[in-house]
Asks: 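Below you will find the structure I want to go over with you.
Every value quoted in this text rests on a predicted model; they were computed, and no experiment measured them. Numbered from 1 within each chain, the chains take letters A, B, ... in sequence-line order.
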Amino acid sequence: MTDNSPFDHRPDPELGDWLRGALSIPDEPAFVARVMAQVPAHMARENWLDILGDWARPGLAAAAVLVMLAGFWLGRIVTNPQGDDAIVASAGEFDPDTLLTTPDLPQVDVNLVMVYEYERQP
Amino acid sequence: MRVAEVQHPHSLGRTGEVEDAELSARAAAGDRAAFGRLVERYAGQARRLAYAMLGSADDADDAAQDGFLAALKSIERYDPARPFGPWLLRIVANAAADRRRRLRVRATEVIPVDSPTGEPSPERVTDQNAFRAALNVALAKLPARQRIAVVLLDMEGYSHREIAEVVKVPEGTVRSDVFHARRALRDALAPWKGALEGK
């Protein structure tokens, strides 16, 4: 061993050899294989951003399809809530005099049907 | 004072460190083979350090494996501007310390040692196994930090500064730890020394 001093920065080769002899564990390749067996075959980074990124494209496509379907359905309801015949049938129950005498405001579709009927009359 | 120039495997120049940085970057990007190269390169050091801390080859291998896998999980946090060895060995030392705590819970022995725990007789000086046993016993008696310091300096060739990074204490404390560890080992091995030199 070298002289022992806290100011000696050099390794002690003799002690190093002794320690290596006492602490070396045989069969290093087997150890490496054992560690690598625990490492997944695909080590690609999988953080939450990557996972969300993977979901983004199909998620956006599905959302777009849903929005289109919902828009189509809502559009049909808004432009033609009950169908022309139903509106006409319901409007037939109203008398123009009732409209003038009632204190309630007439509904818009009733007024529209009345105009529509008026225009259909020969 | 006998001065001996010993070239330690990890201090063969800066090339290894550059390669370590490159390998760790590739491993962080998902290159399994690059991580395998790092495991091959540091397996010996990691196992010896864990063995010094745990006194059992089986436990040392378990701890070293835990350390490598933990290092892989956090490899993105490794700063390639700094040497890879101390960063990895710190993780391995933590894994070994965790395992030692668990072992202490399981059994009340201080540190299990593969070899016989009694002081080997100087009459068996020709028996290298007995000498190893004596060294193991002497090592096991050292405080953990002193053991890490002397092993990393004298066996692995790390500098005091690098060891300070591993054990997270000031460099001066590492010097003191090495001093005390060497003195304790020298005292413990004194009965063997003359006989070994005479062989």
Asks: Any heavy-atom pair between the side chains of A/Trp18 and B/Leu185 that's under 4.5 Å?
Replies: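 No - every pair of side-chain heavy atoms lies 4.5 Å or more apart.
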Asks: Starting at CG of A/Leu19, measure out to CG of B/Leu135 and round the result to the nearest 0.5 Å.
Replies: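 That separation rounds to 5.0 Å.
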Asks: Testing the basics here: between A/Glu28 and B/Ala43, what is the closest heavy-atom pair and its distance to 0.1 Å?
Replies: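 Closest approach of A/Glu28 to B/Ala43: CG-CB, 3.8 Å.
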Asks: Chain B contacts: which residues in residues 59-68 of chain A have a non-hydrogen atom closer than 4.5 Å to it?
Replies: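 Answer by number: none.
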Asks: Any heavy-atom pair between the side chains of B/Leu49 and A/Leu23 that's under 4.5 Å?
Replies: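 Answer no - side chains too far apart.
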Asks: Compare every heavy atom of B/Ala60 with every heavy atom of A/Ile25, then report the nearest pair and how far apart it is.
Replies: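 Result for this residue pair: CD1-CB, 3.8 Å.
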Asks: Indicate the atoms forming the closest heavy-atom contact of A/Pro11 with B/Gly157, along with that distance.
Replies: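 Result for this residue pair: CG-CA, 4.3 Å.
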Asks: Under the 3.5 angstrom rule, does the side chain of B/Arg132 hit a backbone N or O of A/Gly21 as a donor-acceptor pair?
Replies: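 Answer holds: yes.
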Asks: I'd like to know if the side chain of B/Arg47 and the backbone of A/Pro26 have a donor-acceptor N/O pair within less than 3.5 Å.
Replies: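 Confirmed, B/Arg47 side chain pairs with A/Pro26 backbone.
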Asks: So what's closer than 4.5 Å to chain A heavy atoms on B/Ala50: side chain, backbone, both or neither?
Replies: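 It is neither, since no heavy atom gets under 4.5 Å.
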Asks: Output yes when a side-chain donor or acceptor of A/Arg20 lies under 3.5 Å from a complementary backbone atom of B/Met155, and no otherwise.
Replies: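 Checked: pair present.
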Asks: Give, as side chain, backbone, both or neither, the part of B/Val150 having an atom under 4.5 angstrom from any heavy atom of chain A.
Replies: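 Interface part for B/Val150: both.
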Asks: Show me the donor-acceptor pairs, under 3.5 Å and distance only, between side chains in residues 31-40 of chain A and residues at least two apart or in other chains.
Replies:
| residue | atom | partner | partner atom | Å |
| --- | --- | --- | --- | --- |
| A/Arg34 | NE | B/Gln65 | OE1 | 2.6 |
| A/Arg34 | NH2 | B/Asp62 | OD1 | 2.3 |

Asks: Could you note down all residue pairs passing salt bridge (charged side-chain N to carboxylate O under 4.0 Å, His left out) where residues 63-72 of chain B supplies at least one of them, sequence neighbours left out?
Replies: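 Every salt bridge (charged side-chain N to carboxylate O under 4.0 Å, His left out) pair that includes a residue of residues 63-72 of chain B, provided the two are not neighbours, is B/Asp66-B/Arg99.
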Asks: Look at the side chain of B/Asp154 and the backbone N and O of A/Asp12, then say whether any donor-acceptor pair between them is shorter than 3.5 Å.
Replies: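 The answer is yes, because a donor-acceptor pair under 3.5 Å joins these two groups.
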Asks: In chain order, what residues pass the side-chain hydrogen bond (donor to acceptor under 3.5 Å, both in side chains) check against B/Asn94, with sequence neighbours excluded?
Replies: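 B/Asn94 satisfies side-chain hydrogen bond (donor to acceptor under 3.5 Å, both in side chains) with no other residue.
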Asks: Decide side-chain contact (heavy atoms from CB on, under 4.5 Å) for A/Leu15 and B/Arg182; before the verdict, give the C-alpha distance in whole Å, the side-chain angles of both, and the deciding distance to 0.1 Å.
Replies: CA-CA 8 Å; A/Leu15 180 57; B/Arg182 280 176 172 173; 3.9 Å; yes
